[in-house]
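Written out below as structure tokens is the structure these notes cover.
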Amino acid sequence: MENKENIECSIMDEVREMRRKISAEFGNDLNQLVAYYQELENEMRESGKYKFADLPSEESKSEKDVFTSFVPVQLEPEELEKIETLAKARGISPENLIREWVVERIAVR
């Protein structure tokens with residue numbers, strides 16, 4: 001049996017390949033690609049088969065925004081890919097995973 005990380009990597013490779021094919025169908029034109037995804041979203045919403053999480057309003061977003069300091073971190077693409085895989089496995093964002101690691105490290109000192 002393949003280990004979980006190998007399975008996740010193969011799934012990500014498959015998703016990336018699908019994204020490349022869809023993008024190529026639109027000549028890798030970002031405007032055409034966005035229009036396609038917006039139309040697809042509209043069709044899916046109208047079908048009633050799917051549930052969508054709408055973006056929070058600006059008011060609710062600012063209420064939840066308790067962190068006021070941001071630090072840009074430069075990562076190699078392979079590093080970010082591994083972080084994204086680990087975060088996805090835990091059901092959190094890559095940013096939250098990195099924050100957890102930093103907070104844990106600070107707590108050790």
Side-chain angles (χ1 to χ4, degrees):
M1 183 174 139
E2 290 185 72
N3 70 30
K4 188 175 180 179
E5 192 169 306
N6 287 342
I7 292 170
E8 288 174 356
C9 286
S10 66
I11 291 170
M12 290 303 297
D13 290 342
E14 188 176 333
V15 168
R16 286 187 182 101
E17 183 58 29
M18 290 171 69
R19 287 173 52 194
R20 283 187 205 101
K21 286 180 181 179
I22 293 169
S23 183
E25 286 179 32
F26 295 94
N28 297 311
D29 181 299
L30 184 58
N31 292 325
Q32 289 182 25
L33 190 59
V34 168
Y36 164 75
Y37 281 124
Q38 287 173 334
E39 180 60 31
L40 183 60
E41 177 185 349
N42 290 337
E43 289 173 13
M44 293 174 77
R45 280 182 186 270
E46 289 173 7
S47 75
K49 294 179 184 178
Y50 308 95
K51 292 184 179 183
F52 288 81
D54 291 315
L55 294 173
S57 66
E58 287 301 316
E59 183 178 304
S60 64
K61 185 188 265 188
S62 64
E63 291 172 6
K64 293 179 182 178
D65 221 357
V66 294
F67 302 110
T68 57
S69 299
F70 297 91
V71 178
V73 177
Q74 294 180 333
L75 299 168
E76 294 293 329
E78 300 82 23
E79 295 168 334
L80 179 57
E81 205 170 298
K82 287 179 184 178
I83 290 170
E84 289 172 335
T85 300
L86 291 168
K88 183 178 180 183
R90 294 199 34 210
I92 61 176
S93 69
E95 296 84 358
N96 282 337
L97 180 60
I98 292 169
R99 184 177 184 284
E100 280 184 16
W101 289 343
V102 170
V103 170
E104 286 172 8
R105 183 69 178 179
I106 292 170
V108 171
R109 297 208 175 248

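- Legend: residues meeting side chain to side chain contact (heavy atoms under 4.5 Å, CB included) with Ala89, ordered by chain and number and at least two apart, are Lys4, Glu8.
- In this structure, CD1 in Ile83 is found 4.0 Å from CD1 in Ile98, a value given to the nearest 0.5 Å.
- With sequence neighbours left out, Glu100 forms a salt bridge (Lys or Arg N to Asp or Glu O under 4.0 Å) with Arg90.
- Grouping the Ile, Leu, Val, Met, Phe, Trp and Tyr side chains by contacts below 4.5 angstrom, directly or via other members, places Tyr50 with Leu40.
- Applying the salt bridge (Lys or Arg N to Asp or Glu O under 4.0 Å) rule to pairs touching residues 71-88 yields Arg16-Glu81, sequence neighbours excluded.
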I'd like a table of donor-acceptor pairs (distance under 3.5 Å, sequence neighbours excluded) in which one partner is a side-chain atom from residues 19-27, with atom names and distances.
from: Arg20; atom 1: NH1; to: Glu17; atom 2: OE1; distance (Å): 3.3
from: Ser23; atom 1: OG; to: Asn28; atom 2: OD1; distance (Å): 2.7

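- Rounded to the nearest 0.5 Å, atoms CG (Leu97) and CD1 (Ile92) are 4.5 Å apart.
- Rounding to the nearest 0.5 angstrom, the gap separating the OH atom in Tyr37 from the CE atom in Met44 is 11.5 Å.
- Cluster partners of Leu30, using a side-chain heavy-atom cutoff of under 4.5 Å among ILVMFWY residues and allowing indirect links, are Val34.
- Every pair passing salt bridge (Lys or Arg N to Asp or Glu O under 4.0 Å) that includes a residue from residues 26-44 is listed here, sequence neighbours excluded: Glu41-Arg45.
- Within the structure, the ring pair (Phe, Tyr, Trp, His ring centres under 6.0 Å) test picks out no pair touching residues 75-106 (sequence neighbours left out).
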